[in-house]
Novice: 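The following block contains the structure, expressed as structure tokens.
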Amino acid sequence: MAESPAIVITYVPADCGSIFPGKSKASQAFRDADIVTKLRRAGYQSISEYQALESPATYKASSLGSNGVRNEDLNVQVCKDVQRSLVQTLALTGDASLPPFQLILGGECGMSPGVLSAFWQHSTQGDLHKRVGFLYIDADTDLASPDDLNNTGIFAGMNMTNLIRSKGALKSMQQFARPSGEALCDASNTVLFGINMSSPGNKPEHLGYLLDHGYRVISSSSVARQPIEQAMAALRFLEERVDIIVVHLDVDSIDPRMFPLANVPNHTGVEFHQMMQALRVILYSEKVGALVVAEVNPNHDPGLDMTERLTDSIVDILTERRAPRRG
């Protein structure tokens with residue numbers, strides 16, 4: 001996939017799958033950090049902005065629903081709205097094989113099924129037969145389900161469960177699929193990057209499932225030691241198997257002792273600059289068609305200093321991405 005000359009920014013102001021309020025403010029925080037102006041200065045003159053939601057899907061305290069999930073209907077609607085919006089923006093170019101680069105900025109990691117289903121739909125229309133890959137940069141496996149003994153009902157914690165349709169996947173999420181009806185993700189098109197193996201939320205049975213089913217998992221400790229090398233390894237795995245890669249950056253993959261921007265802290269040991277080193281390698285790949293940034297909570301960043309730093313780093317990386325290819 002050659003470098004696209006345009007960027008489409010989709011804002012998803014949602015924190016309906018959360019245990020704390022605040023993530024629905026993330027989209028506006030990126031705008032306040034002047035991400036569009038900075039991208040234009042970097043040379044991206046064709047920038048389009050879209051709101052995926054008619055109104056923010058905000059946090060509300062709730063009890064477990066009949067399915068053992070909190071705010072299930074609203075979370076499903078967010079995925080529907082994201083899918084609808086991205087299907088439209090991916091079709092903005094006359095060349096169906098080369099959509100503009102998609103930058104999706106929001107709060108919820110649980111919007112991933114909407115993102116990936118839109119990419120699968122676009123990539124397999126007409127004469128296109130392209131495979132979509134998913135690079136999931138996240139401290140958590142997100143393999144929780146209502147079947148868990150101590151189920152919390154938090155939708156975001158079930159994200160990977162719904163993507164791969166492991167035990168306990170929600171029936172309401174089966175509508176988000178490849179055009180063939182298969183699950184969006186499997187061991188052949190997915191890499192989990194930066195998983196914190198010592199986090200209590202990553203239960204042995206979740207890690208065991210990934211191991212037993214052949215998933216490529218790169219731990220946070222290995223990213224902290226070798227961010228560039230591990231990013232290259234993740235890319236090699238996906239580039240050999242897929243045509244288009246969607247990159248998901250959950251900011252809880254960065255250790256909160258150095259960068260406490262994430263909605264829920266996770267002590268990964270990965271410093272901000274280390275994760276940006278890895279992201280720089282990943283986004284330079286010609287097969288990467290989208291970057292999703294999730295779990296940003298501006299309530300933890302009153303002066304927007306961390307949001308500015310993250311914005312500047314993303315712009316810098318995207319600037320390098322559009323530079324002429326060497327060799």
Side-chain angles (χ1 to χ4, degrees), residues 1 4 8 10 12 52 67 69 72 75-93 95-102 104 108-136 138 141-143 145 147 155 158-193 209-210 212-217 234-248 285-292:
M1 185 175 70
S4 172
V8 174
T10 299
V12 188
N67 283 352
V69 186
E72 180 178 3
N75 280 284
V76 173
Q77 187 60 50
V78 167
C79 286
K80 286 182 179 179
D81 290 343
V82 168
Q83 179 185 26
R84 171 193 49 77
S85 180
L86 288 176
V87 165
Q88 295 172 354
T89 60
L90 284 166
L92 287 176
T93 178
D95 182 358
S97 66
L98 184 61
F101 185 85
Q102 306 289 316
I104 301 142
E108 288 294 352
C109 73
M111 63 181 163
S112 299
V115 174
L116 286 172
S117 55
F119 266 85
W120 272 106
Q121 181 176 332
H122 180 83
S123 301
T124 54
Q125 62 179 316
D127 294 332
L128 292 179
H129 301 283
K130 295 191 173 185
R131 280 176 52 81
V132 179
F134 193 40
L135 181 49
Y136 196 51
D138 198 314
T141 61
D142 288 332
L143 279 171
S145 85
D147 292 345
F155 188 87
M158 304 175 188
N159 193 38
M160 190 56 65
T161 301
N162 292 321
L163 288 169
I164 68 178
R165 293 186 187 168
S166 57
K167 185 176 181 293
L170 302 176
K171 290 183 179 180
S172 61
M173 294 299 291
Q174 291 181 4
Q175 62 190 291
F176 303 102
R178 307 181 196 188
S180 64
E182 297 172 276
L184 293 163
C185 294
D186 57 37
S188 71
N189 75 335
T190 306
V191 173
L192 292 90
F193 188 90
Y209 178 93
L210 295 171
D212 291 344
H213 290 80
Y215 279 87
R216 177 79 164 151
V217 179
L235 270 181
R236 281 195 300 270
F237 179 88
L238 287 173
E239 287 180 331
E240 291 173 357
R241 293 165 174 82
V242 304
D243 304 293
I244 298 171
I245 301 170
V246 174
V247 178
H248 174 104
S285 170
E286 294 183 334
K287 287 194 173 184
V288 173
L291 171 64
V292 182

Novice: Do the non-hydrogen side-chain atoms of Thr141 and Tyr209 ever get within less than 4.5 Å of each other?
Specialist: no
Novice: Say you draw a straight line from CG of Asn67 to OG of Ser145; how long is it, rounded to the nearest 0.5 Å?
Specialist: 11.5 Å
Novice: Lys80: what forms a salt bridge (Lys or Arg N to Asp or Glu O under 4.0 Å) with it, not counting sequence neighbours?
Specialist: none
Novice: Taking the side chain from Gln125 and the backbone from His122, do they hold a donor-acceptor pair closer than 3.5 Å?
Specialist: yes
Novice: Is any side-chain heavy atom of Val78 less than 4.5 Å from a side-chain heavy atom of Asn75?
Specialist: no
Novice: Would you please classify the geometry between the His248 ring and the Phe134 ring as parallel, tilted or perpendicular, with 30° and 60° separating the classes?
Specialist: perpendicular
Novice: Using every non-hydrogen atom in the two residues, find where Lys130 and Thr124 come nearest and quote the distance to one decimal.
Specialist: O-CG2, 3.6 Å
Novice: Taking atom CD1 of Ile104 and atom OG1 of Thr10, what is their separation to the nearest 0.5 Å?
Specialist: 5.5 Å
Novice: Where is the tightest heavy-atom contact between Leu184 and Ala177, given as atom of each residue plus distance?
Specialist: CD2-C, 3.5 Å
Novice: For Leu291 and Phe101, work out which heavy atoms get closest and say how close.
Specialist: N-CZ, 3.8 Å
Novice: Asp142 and Tyr136: which non-hydrogen atoms are nearest, and at how many Å?
Specialist: OD2-OH, 2.5 Å
Novice: Please report the closest heavy-atom contact between Ala52 and Asp81, naming both atoms and the distance.
Specialist: O-CB, 3.4 Å
Novice: Quick check: does any side chain N or O of Ser85 sit under 3.5 Å from a backbone N or O of Val82, one acting as donor and the other as acceptor?
Specialist: no
Novice: Exactly one of Val132, Val292, Asn189 should register a side chain to side chain contact (heavy atoms under 4.5 Å, CB included) with Leu116. Which one does?
Specialist: Val132
Novice: Does Gln83 have any side-chain hydrogen bond (donor to acceptor under 3.5 Å, both in side chains) partners at least two apart in sequence or in another chain, and if so, which?
Specialist: Ser117
Novice: Should the heavy atoms of other residues, nucleotides or ligands under 6.0 Å from CG of Asp212 be counted, would the total exceed 12?
Specialist: yes
Novice: For Ser172, what residues pass the side-chain hydrogen bond (donor to acceptor under 3.5 Å, both in side chains) criterion, not counting sequence neighbours?
Specialist: Glu72
